Amino acid sequence: MPLTGRRTLTQYLIEQRRRFPEASGDFNALILDVAMACKAIARAVAFGALGDMLGNHAAPDGSEGGTVNVQGETQKKLDVLSNDYFVRITEWGGHLGGMASEEMDLPYQIPAKFPRGKYLLVFDPLDGSSNIDVNVSVGSIFSVLRAPVADGRDMTEADFLQPGTQQVAAGYALYGPTTMLVITVGNGVAGFTLDPNLGEFMLTHPDLTVPADTQEFAINASNSRFWEPPVKRYVDECLAGKTGPRGKDFNMRWIASMVAEAHRILMRGGVFLYPRDSKDAAKPGRLRLLYEANPIGFIMEQAGGRASTGRVPMLGVQPESLHQRIGLVFGSKNEVERIERYHAEPQQKEPDNPLFHERSLFRV
Ligand code: AHG
Ligand code: MN
Ligand code: MN
């Protein structure tokens with residue numbers, strides 16, 4: 001055991017690699033580069049207003065309105081900086097054939113001056129970025145896939161459209177009261193805490209598991225009028241508590257940083273829903289399949305939890321486009337399965353409640 005009494009991320013990765021004697025070390029080097037990007041982002045986040053890092057990313061004409069990404073969302077300064085850190089720190093090592101990010105419309109091609117490798121990196125450089133200006137936890141999410149070919153050619157969008165089952169690794173960093181890195185390389189889930197003095201991620205949470213049952217759920221209830229009936233039924237039953245069909249009281253949380261909700265669920269169980277809804281016909285869900293739903297889904301499944309669209313397992317979904325959005329439900333296995341059952345059952349008629357009659361105050 002090292003002097004510090006804990007294994008570092010590097011030591012953990014070396015141990016994992018010993019399961020594959022033929023491995024070249026490229027993969028470990030890539031994960032360490034990603035960890036370095038996360039440390040750089042953690043530092044920028046920690047400096048906040050002192051680093052002049054709050055607010056919107058200035059448009060080229062200098063206006064404060066901010067730039068807009070391919071999703072039509074205003075970019076924060078830290079969204080753009082975090083994307084730059086991911087790109088600059090991982091592009092040179094020779095491990096990547098290409099990358100894709102929430103903040104880049106098209107696949108990023110590794111510049112000709114660097115060698116190209118056999119992996120693809122897909123990431124959300126800063127998740128929950130609406131929380132930056134109010135000093136609430138944010139994070140980064142990443143997924144590692146194999147490049148379909150490693151012959152040095154440019155990567156196309158189609159090269160990235162692989163179902164979540166094909167992920168080689170996935171992880172997230174959480175910039176909260178402490179900075180943590182949580183990863184899976186397909187052999188369980190491990191959590192590391194950044195030692196700010198050593199600048200090292202130390203293994204503090206080996207073998208994370210999600211309890212199968214929970215009494216805590218997370219959903220943005222302001223969207224309830226757009227929910228589909230199975231989601232409405234699930235939430236109504238939770239809200240009904242002890243005297244309702246579930247026979248127990250539930251607690252609710254909403255941080256608006258999915259990465260922070262995922263972390264809470266890994267620590268103590270729970271269920272998270274950002275389901276498909278009817279809010280905007282052009283957006284079948286809020287969160288993105290390739291760099292939000294799949295990596296978090298892989299981690300959940302590796303921790304004994306479950307991730308789903310509500311209808312089918314998330315990791316089996318064949319992606320259709322780089323920035324595709326999808327309904328997402330994840331967390332404690334028995335709750336996610338219950339939500340899937342509600343979607344599979346023939347839709348029941350809404351119970352007749354006078355509060356919800358046509359002219360009632362509570363009509364939704
Ligand atoms: P991002 O900051 O990468 O765009 O993602 C934000 C996501 C997710 O983290 C969070 O759960 C959700 O958006 C919050 O949505 P609401 O604004 O509807 O609460
Ligand atoms: Mn996000
Ligand atoms: Mn983001």
Side-chain angles (χ1 to χ4, degrees), residues 37-38 41-42 44-45 53-57 66-87 99-105 121-143 170-176 182 216-227 231 235 252-266 270-280 283-297 299-300 307 314 322-331:
C38 294
I41 297 167
V45 167
M53 271 299 142
L54 304 186
N56 291 341
H57 181 243
T67 47
V68 173
N69 69 12
V70 66
Q71 338 262 335
E73 295 165 344
T74 302
Q75 293 176 304
K76 301 279 184 186
K77 282 182 195 169
L78 271 173
D79 282 322
V80 175
L81 181 77
S82 303
N83 191 69
D84 281 354
Y85 281 154
F86 259 88
V87 170
M99 45 183 129
S101 157
E102 176 183 326
E103 305 302 341
M104 299 188 287
D105 304 6
L121 182 65
V122 189
F123 52 94
D124 174 356
L126 207 60
D127 178 64
S129 55
S130 70
N131 280 326
I132 292 165
D133 295 347
V134 292
N135 197 12
V136 169
S137 296
V138 291
S140 304
I141 309 173
F142 67 92
S143 162
Y172 64 81
L174 178 63
Y175 315 116
V182 173
E216 200 160 62
F217 69 101
I219 192 164
N220 182 346
S222 71
N223 292 325
S224 60
R225 67 189 183 282
F226 305 112
W227 291 341
V231 172
V235 173
M252 203 201 84
R253 288 285 181 273
W254 188 252
I255 306 173
S257 284
M258 184 196 52
V259 73
E261 320 259 13
H263 191 70
R264 184 191 61 247
I265 288 170
L266 268 179
V271 63
F272 172 97
L273 303 93
Y274 216 124
R276 189 174 91 180
D277 62 29
S278 61
K279 192 172 185 178
D280 178 347
K283 291 182 185 165
R286 163 86 167 84
L287 298 169
R288 281 58 57 114
L289 174 58
L290 284 177
Y291 42 80
E292 293 178 317
N294 273 346
I296 296 297
I299 289 170
M300 287 295 146
M314 186 59 66
L322 206 52
H323 300 286
Q324 176 179 349
R325 294 177 192 258
I326 198 154
L328 171 60
V329 178
F330 67 77

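Each ligand, and each atom within it, is numbered from 1 in the order the structure gives. It should be emphasised that the depicted structure is a prediction, and the values quoted were computed from it without experimental measurement.
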TODO: Please determine if G128 has a nitrogen or oxygen closer than 3.5 Å to a nitrogen or oxygen of ligand 1.
DONE: yes

Task: Numbered atoms and elements of ligand 1 in range of R288, under 4.0 angstrom, heavy atoms - done: 1 (P), 3 (O), 4 (O), 5 (O)

Task: Protein heavy-atom partner closest to atom 5 (O) of ligand 1 - residue, atom, separation in Å - done: D127 OD1, 3.2 Å

Task: Approximate separation, where rounding is to 0.5 Å, of K76 NZ and N69 CG - done: 12.5 Å

TODO: Could you tell me which atoms of ligand 1, counted from 1 in the order shown, lie closer than 4.0 angstrom to a heavy atom of L126?
DONE: 2 (O), 3 (O)

- [ ] Heavy-atom distances under 4.0 Å are what count here, so tell me which part of E103 touches ligand 1: side chain, backbone, both or neither.
- [x] neither

- [ ] Would you mind checking if E73 and R288 are paired as a salt bridge, meaning a charged N to carboxylate O distance below 4.0 Å?
- [x] yes

Task: Nearest to the Mn ion (ligand 3) - the N/O/S atom of E102, by atom name - done: OE1

Open item on the list: Taking a cutoff of less than 4.0 Å between a non-hydrogen atom of the residue and any ligand atom, is L287 in contact with ligand 1?
Closed with: yes

Task: Closest non-hydrogen atom pair between M53 and L78, with its separation - done: O-CG, 3.6 Å

Open item on the list: Regarding ligand 1, does S130 bring an N or O atom to under 3.5 Å of one of the ligand's N or O atoms?
Closed with: no

Open item on the list: Looking only at N, O or S atoms in D124, which is nearest to the Mn ion (ligand 3)?
Closed with: OD1

Open item on the list: Within the structure, is a non-hydrogen atom of V138 found at a distance of less than 4.0 Å from ligand 1?
Closed with: no

Task: Point-to-point distance, once rounded to the nearest 0.5 Å, from CG of N294 to CD1 of I299 - done: 11.0 Å

Open item on the list: Looking at E292 and I141, would you say the former's side chain and the latter's main chain have a donor-acceptor pair under 3.5 Å?
Closed with: no

- [ ] Report yes or no: do D127 and Y291 form a side-chain donor-acceptor pair below 3.5 Å?
- [x] no

- [ ] Find, among atoms of D127 that are N, O or S, the one nearest to the Mn ion (ligand 2), and state its name.
- [x] OD1

- [ ] Only heavy atoms count here, so choose which of E292, K279, M258 is nearest to atom 8 (C) of ligand 1.
- [x] M258

Task: Per-atom contacts of ligand 1 with E73, taking only distances under 4.0 Å to non-hydrogen atoms - done: 4 (O)

Open item on the list: Using a 3.5 Å distance criterion without hydrogens, assess whether the side chain of R276 forms a donor-acceptor pair with backbone atoms of G285.
Closed with: no

TODO: Using atom types as modelled and distance alone, determine if a side-chain donor or acceptor of H323 lies under 3.5 Å from a backbone N or O of E103.
DONE: no

Task: Plane angle bin for H263 and Y172 - parallel if under 30°, tilted between 30 and 60°, otherwise perpendicular - done: perpendicular

Task: For atom 13 (O) of ligand 1, the option (of E102, R286, K76, Q75) bearing the nearest heavy atom - done: R286

Task: Atom indices of ligand 1, in the order listed, that fall short of 4.0 Å to a heavy atom of Y274 - done: 15 (O), 16 (P), 18 (O)

TODO: Among the N/O/S atoms of E292, select the one at the shortest distance from the Mn ion (ligand 2) and name it.
DONE: OE2

Open item on the list: Test your reading of the model: is there a side-chain donor-acceptor pair from N223 to the backbone of P275, 3.5 Å cut-off?
Closed with: no

- [ ] Determine, considering heavy atoms only, which of Y291, W254, F272 sits nearest to atom 19 (O) of ligand 1.
- [x] W254

Task: Side chain, backbone, both or neither: the part of S257 lying under 4.0 Å from ligand 1 by heavy atom - done: backbone

Open item on the list: When you measure from the side chain of S278 to the backbone of F226, do you find a donor-acceptor pair of N or O atoms at a distance under 3.5 Å?
Closed with: yes

TODO: May I ask you to decide if I41's main-chain N or O and S82's side chain share a donor-acceptor pair within less than 3.5 Å?
DONE: no

TODO: Mark the output for E261 as yes if a heavy-atom distance to ligand 1 is under 4.0 Å, and as no if none is.
DONE: no

Open item on the list: Using heavy-atom distances only, which candidate in I255, I219, N220 approaches atom 16 (P) of ligand 1 most closely?
Closed with: N220

Task: D280 atom CG, over 12 foreign heavy atoms within 6.0 Å - done: yes

Open item on the list: Heavy atoms only, cut-off 4.0 Å: how does D124 contact ligand 1, side chain, backbone, both, or neither?
Closed with: side chain

- [ ] Check whether any N, O or S atom of L126 sits under 2.8 Å from the Mn ion (ligand 3).
- [x] yes

